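Below is one structure, written out as structure tokens; comments come after it.
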Amino acid sequence: MRSFTYRSRCSGEVRVLVNYPHADELSKLLDKYTSCMIITPSSVSSLVNFSKCPRIIIKDGEEGKGIETVLNIIKQSMDNSLDRSGVMIGIGGGSTLDVTGFAAAVYMRGVDYVNVPTTTLAMVDAALGGKTGVNAAGLKNIIGVVKQPSEIIVDLAFIKSLPASNYLDGFAEVLKYGVTMDKGLFDKLSSNVDKVMNRDEGLLEDLIYGSLVNKAHVVEADEYDTLGIRIVLNYGHTIGHALESASGFSISHGKAVGLGMICESTIGVKLGYTNPDIPGYLTESLSELNLIQSIKVNADSALRAITGDKKRNGGFLNLPIVTELGDWVKVRVKVDEYLRLVKESCMYLA
Ligand SMILES: NC(=O)c1ccc[n+]([C@@H]2O[C@H](COP(=O)([O-])OP(=O)(O)OC[C@H]3O[C@@H](n4cnc5c(N)ncnc54)[C@H](O)[C@@H]3O)[C@@H](O)[C@H]2O)c1
Ligand SMILES: O=C(O)C(=O)C[C@@H](O)[C@H](O)[C@H](O)COP(=O)(O)O
Ligand SMILES: [Zn+2]
């Protein structure tokens, strides 16, 4: 069991608990709130051992990550008399937490929310940092706000029931932290793939804790993504999100980010910033973790999604680019130039 806190400009300290039983921690929380709602998909609801809050069952995955789900959560919260001193508790993967956080941010102009991540990816990434939102117009996270959770409870018991493919998705985001800012984390993951495959609890606690601490440092430095620091957490995502959108969300977020990192590092080499060994290191680690999905998406749709990326500023994209293993720089690239490089370098576009 390990815990730490990070500071938010708006909400003060956020407590992060890694490897704590969710039911005990949720019970303690109820001393603070007058009412509560649990938001969870049906696949996770049966794994939740806590019965003191009414439940809203939502669709999950990208299909459930839409504004209709937010309206459903709001309606059911009203029906259950959740007031401004109440709390919404999201229990699920990244899609559930993103949508719960957004509903909490806008319901009655804002109520507290708590994240209980149940996928590897949500444990290492989505639960922390306060990016909340939904997809619209076929684009990822195009509606949203930054609002921090009041608390994050990671319970490793949820890992047991994850199908292998969902379980492995999260390690793409761990490789992201490693390749951009923490060589030690990259090495720890890539040299322990056998333990990862066996869901070794000690290693998982280390990787989750290490990932969250890295992410928390970035979030503390640039909570609202305005200073050109938080973009590092978007490594692999400019192309990854485009692959998700252009495939009609038939590829998972984790796998798309993995392929996105291969393409973005190849472009980094062409631009002269990235050590030419990096695309190979990433390909090898992703492949050992069964994270390479051979897809081909429509190039025009993918390039359109890149043009709509939130990191665009006028005719330029502000991009995180890896230099050496564990280091990165921000680079401003003309949108047209970047689209040309993507077309030329990313083998997942047809
Ligand atoms: N806000 C952020 O900072 C942030 C960070 C990373 C990713 N995301 C978002 O997170 C989403 C991806 O999250 P994800 O990979 O967790 O996918 P997901 O939320 O779609 O969940 C994947 C699947 O796992 C199932 N599941 C969840 N927990 C389970 C469990 N314990 N046992 C069995 N099945 C379980 C779900 O029902 C679902 O079918 C994307 O929408 C992505 O954009 C957000
Ligand atoms: O927390 C962040 O900042 C991230 O970019 C984390 C990403 O892993 C995550 O997928 C996030 O949802 C991407 O956000 P977006 O701003 O690119 O929509
Ligand atoms: Zn991500």
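One-based numbering, in listed order, for ligands and for the atoms of each. Keep in mind that the numbers below use all heavy atoms, side chains included, and drop hydrogens, waters and symmetry copies. Numbering of residues begins at 1 and proceeds along the displayed sequence. Small disclaimer: the values here were computed from a predicted structure and weren't measured.
- Taking only non-hydrogen atoms, the option from Ala122, Ser161, Pro41, Ala172 nearest to atom 33 (C) of ligand 1 is Ser161.
- For ligand 1, the atoms sitting less than 4.0 Å from at least one non-hydrogen atom of Ser95 are 10 (O), 11 (C), 13 (O), 18 (P), 19 (O), 20 (O), numbered in the order shown with element in parentheses.
- The distance from ligand 1 to the heavy atoms of Gly61 drops below 4.0 Å at these ligand atoms: 20 (O).
- A continuous path of hydrophobic side-chain contacts links Leu319 to Val329 [ILVMFWY only; heavy atoms under 4.5 Å].
- Considering backbone and side-chain atoms together, Lys215 places an N or O closer than 3.5 Å to an N or O of ligand 1.
- Heavy-atom separations between Asp169 and ligand 1 are all 4.0 Å or longer.
- For ligand 2 and His253, the ligand atoms under 4.0 Å from any heavy atom of the residue are 10 (O).
- Looking at every heavy atom in both residues, Asp222 comes nearest to Ile229 through OD2-N, 3.0 Å.
- Counting heavy atoms closer than 4.0 Å to ligand 1, residue Ser43 contributes side-chain atoms (C-beta onward) but none from N, CA, C or O.
- Taking the six-membered ring where tryptophan is involved, the planes of His22 and Phe158 are tilted, since the angle between them lies from 30° to 60°.
- The contact set between ligand 1 and Lys131, taken as ligand atoms under 4.0 Å from a residue heavy atom, comprises 1 (N).
- Taking a cutoff of 4.0 Å between a charged side-chain nitrogen and a carboxylate oxygen, Asp206 and Arg2 qualify as a salt bridge.
- The backbone and the side chain of Leu233 each have at least one atom closer than 4.0 Å to an atom of ligand 2 (non-hydrogen atoms only).
- Neither the backbone nor the side chain of Leu97 has any atom closer than 4.0 Å to an atom of ligand 1 (non-hydrogen atoms only).
- Backbone and side-chain nitrogen or oxygen atoms of Glu173 are examined, and none is located within less than 3.5 angstrom of a nitrogen or oxygen of ligand 1.
- For ligand 1, none of its N or O atoms has an N or O atom of His241 under 3.5 Å away.
- Closest of all the heavy-atom pairs between Asn298 and Ala246 is O-CB, 4.0 Å.
- The side chain to side chain contact (heavy atoms under 4.5 Å, CB included) test with Met88 is passed by exactly one of Ser77, Cys53, Cys36, Ser35: Ser77.
- Heavy-atom proximity to Glu173, at under 4.0 Å, picks out these atoms of ligand 2: 8 (O).
- In terms of polar-atom proximity, defined here as any N/O pair under 3.5 Å, Asp225 makes no such contact with ligand 2.
- Inspection of the Gln76 and Asn72 side chains reveals an N or O donor paired with an N or O acceptor under 3.5 Å.
- Residue Lys310 approaches ligand 2 through these ligand atoms, each under 4.0 Å from one of its heavy atoms: 15 (P), 16 (O), 17 (O), 18 (O).
- At a threshold of 4.0 Å, the pair Glu151-Arg15 counts as salt-bridged, since one of the basic side-chain nitrogens sits closer than that to a carboxylate oxygen.
- When all heavy atoms are compared, the tightest approach of Glu205 to Asn19 is OE1-ND2, 2.8 Å.
- For a threshold of 3.5 Å applied to N or O pairs, the pair formed by Gly92 and ligand 1 contains no separation below that value.
- Residue-ligand proximity, Asp125 to ligand 1, at heavy-atom distances under 4.0 Å covers atoms 3 (O), 5 (C), 6 (C).
- Taking all atoms of both residues into account, the shortest heavy-atom contact from Ile267 to Ser345 is CG1-OG, 3.7 Å.
- The heavy atom nearest to atom 12 (C) of ligand 1, considering only Thr118, Ile91, Leu121, is found in Leu121.
- Here the options are Lys140, Lys176, Lys310, Glu244, the test is side chain to side chain contact (heavy atoms under 4.5 Å, CB included), and the partner is His237; only Lys176 passes.
- Note on Glu344 versus Lys270: salt bridge recorded, some NZ/NE/NH1/NH2 to OD/OE distance being below 4.0 Å.
- Taking only non-hydrogen atoms, the option from Thr119, Val146, Leu162, Val134 nearest to atom 21 (O) of ligand 1 is Thr119.
- The atoms of ligand 1 that sit less than 4.0 Å from any heavy atom of Val44 are 27 (C), 28 (N), 29 (C).
- For His237, the N, O or S atom with the smallest separation from the Zn ion (ligand 3) is NE2.
- The option from Thr120, Asp60, Val48 that lies nearest to atom 25 (C) of ligand 1, judged by heavy atoms, is Asp60.
- The nearest heavy-atom contact from the protein to atom 9 (C) of ligand 2 is His237 NE2, 3.8 Å.
- Atom 43 (O) of ligand 1 has Lys140 NZ, 2.9 Å as its closest protein atom, hydrogens excluded (heavy atom only).
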| request: Let me see the working for Asp336 and Lys334 under salt bridge (Lys or Arg N to Asp or Glu O under 4.0 Å), right down to the final yes or no. | output: CA-CA 6 Å; Asp336 291 348; Lys334 277 204 166 126; over 6 Å; no
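- The cationic atom of Arg199 (NZ for Lys, CZ for Arg) lies less than 6.0 Å from the six-membered ring centre of Tyr167 and within 45° of the ring axis.
- The atoms of ligand 2 that sit less than 4.0 Å from any heavy atom of Lys176 are 6 (C), 7 (C), 8 (O).
- Taking every heavy atom of Asn141 and a limit of under 4.0 angstrom, the matching atoms of ligand 2 come to 12 (O), 13 (C), 14 (O), 15 (P), 18 (O).
- Between Asp169 and Lys255 there is a salt bridge, with a side-chain nitrogen of the basic residue lying less than 4.0 Å from a carboxylate oxygen of the acidic one.
- At least one N or O atom of Lys131 sits closer than 3.5 Å to an N or O atom of ligand 2.
- Near Asp125, meaning under 4.0 Å from any of its heavy atoms, are these atoms of ligand 2: 6 (C), 7 (C), 8 (O).
- In terms of protein heavy atoms, atom 2 (C) of ligand 1 is closest to Ala126 CA, 3.6 Å.
- Numbered from 1 in the order shown, with element, the atoms of ligand 2 that lie under 4.0 Å from a heavy atom of His241 read 13 (C), 15 (P), 17 (O), 18 (O).
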Go through the steps for Thr34 and Ser85 under the test side chain to side chain donor-acceptor pair (under 3.5 Å), then give the verdict.
-> CA-CA 6 Å; Thr34 54; Ser85 48; 2.9 Å; yes
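- Ranking the protein heavy atoms by distance from atom 40 (C) of ligand 1 puts Glu62 OE2, 3.2 Å first.
- Of all protein heavy atoms, the one lying nearest to atom 17 (O) of ligand 2 is Asn234 ND2, 2.9 Å.
- Atoms of ligand 1 lying under 4.0 Å from at least one heavy atom of Phe158, given by number and element, are 30 (C), 31 (N).
- In terms of heavy atoms, Ala172 sits closest to Leu291 at N-CD1, 3.8 Å.
- Using a 4.0 Å heavy-atom cutoff, Gly254 is absent from the residues neighbouring ligand 1.
- Shown in contact with Lys65 at under 4.0 Å from a heavy atom are these atoms of ligand 1, numbered in order with element: 9 (C), 40 (C), 41 (O), 42 (C), 43 (O).
- Close approach to Leu47 involves these atoms of ligand 1, each under 4.0 Å from a residue heavy atom: 30 (C), 31 (N), 32 (N).
- Looking at Glu173, its N, O or S atom nearest to the Zn ion (ligand 3) turns out to be OE2.
- The shortest N or O to N or O distance between Lys215 and ligand 2 is below 3.5 Å.
- Atom 23 (C) of ligand 1 has its closest protein heavy atom at Asn166 OD1, 3.6 Å.
- Backbone and side-chain nitrogen or oxygen atoms of Gly94 are examined, and one is located within less than 3.5 angstrom of a nitrogen or oxygen of ligand 1.
- Counting heavy atoms under 4.0 Å from ligand 1, residue Asp98 touches it through the side chain alone.
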